[in-house]
Amino acid sequence: MSDYNRYRDLFDEQGYIHISGFLTEEECLAAERHIDSYVRDIAPTLPKTEVMYDDYERPETLKRISRLQLDPFFEEMRSQPKFTKLAKALLQDEVVVQSLQYFNKPPEGDATPAHQDGYYFCLVPNEAITFWVSLDDVDEENGALHYVAGSHKVGILPHKPSSVIGFSQGLAAADLSEFGEERTCPVKRGDVLIHHSRLIHLAGPNTSNPQRRVMGQVYFAERAKMDPAMKEQYDSALQAQRKAAGLN
Ligand SMILES: O=C(O)CCC(=O)C(=O)O
């Protein structure tokens with residue numbers, strides 16, 4: 001069985017896969033250099049909605065950046081076959097490349113609320129994936145992802161507004177156990193976790209390291225189309241939340 005078939009079977013069954021050493025050390029170092037220059041040179045030119053801090057007065061609380069692909073280094077990285085061929089194999093379709101996000105988790109910051117990325121994406125059918133590529137070793141102490149295995153099979157569930165910067169919506173249900181077994185997924189620097197857009201996931205707070213840096217690359221399946229009514233409802237709720245938080 002080829003690696004792709006093995007990954008796809010596992011992905012279909014549990015809604016996620018973990019691949020060790022997806023980026024080489026050399027690629028991690030290059031990504032770090034480009035993130036540093038992006039934060040220094042590009043981030044200050046972007047609106048607050050695209051560069052989010054827990055506290056805008058404290059640079060060390062940088063939380064999330066949209067559109068890392070504005071730097072050609074990242075544009076090239078996310079179009080490499082090791083990303084796109086695997087994305088196509090897992091989604092069993094051609095893919096449409098979406099924004100590359102940077103997720104940091106500063107110490108003392110919030111936990112990431114349980115959610116399904118698909119709720120934000122507003123797609124029908126909701127077929128998309130996220131590559132979560134870590135530049136740090138991540139474990140339970142600095143914000144490891146938790147996946148609810150198999151929950152991609154239950155459909156998109158109701159969400160409600162969250163107060164967490166960068167994650168405006170969290171799952172409405174408080175008890176996740178009815179949707180599958182919750183598994184913590186520690187990773188090493190350079191590893192990738194890939195999850196389906198309907199998979200429920202969350203992350204704890206960072207209680208140890210100075211940072212927990214991750215690149216999140218999303219691909220939509222070509223057959224997945226944006227539902228205009230869902231999108232409009234989502235966008236207007238987000239606008240209202242951003243206004244209330246002073247982010248407009
Ligand atoms: O890094 C995190 O805390 C959450 C990331 C996430 O939700 C995602 O990549 O879909």
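In listed order, ligands and their atoms are each counted from 1.
A tilted orientation is assigned to the rings of H152 and H196, their planes being inclined by 30° to 60°. Ring-plane geometry between F83 and Y219 is classed as tilted, the angle between the planes lying from 30 to 60 degrees on a 0 to 90 degree scale. Using a 30° and 60° split on the angle between ring planes, F220 and F121 fall in the tilted class, from 30° to 60°.
Each of the following atoms of ligand 1 lies closer than 4.0 Å to a heavy atom of K105: 3 (O). In summary, the atoms of ligand 1 found under 4.0 Å from a heavy atom of D117, numbered by their order in the structure, are 10 (O). Listed by number with element, the atoms of ligand 1 under 4.0 angstrom from any heavy atom of H201 are 6 (C), 7 (O), 8 (C), 10 (O). Of all atoms in ligand 1, listed by their number and element, those nearer than 4.0 Å to a heavy atom of T130 are 9 (O). Atom numbering of ligand 1 starts at 1 in the shown order; those under 4.0 Å from a heavy atom of H115 are 7 (O). Per-residue contacts place R212 under 4.0 angstrom from the following atoms of ligand 1 (heavy atoms of the residue considered): 1 (O), 2 (C), 3 (O). With ligand atoms numbered from 1 in the order given, ligand 1 contributes 3 (O) to contacts under 4.0 Å with heavy atoms of A203.
Under the 4.5 Å side-chain criterion, counting only non-hydrogen atoms from C-beta, N104 is not in contact with R64. A heavy-atom distance below 4.5 Å is not found between the side chains of D36 and H34.
In the candidate list F167, F103, Y120, F167 is nearest to atom 4 (C) of ligand 1, counting heavy atoms.
Partner of H146 under the side chain to side chain donor-acceptor pair (under 3.5 Å) criterion, out of E140, H201, R183: E140 alone.
In this structure, the protein non-hydrogen atom closest to atom 3 (O) of ligand 1 is T112 OG1, 2.6 Å. Nearest protein heavy-atom neighbour of atom 5 (C) of ligand 1: W132 NE1, 3.5 Å.
Distances from ligand 1 to the non-hydrogen atoms of H195 include at least one value under 4.0 Å.
Shown here is R189, whose CZ atom has more than 12 heavy atoms of other residues, nucleotides or ligands within 6.0 Å.
The cationic group of K63 does not satisfy the cation-pi geometry with F103, failing either the under 6.0 Å distance to the six-membered ring centre or the 45° limit from the ring axis.
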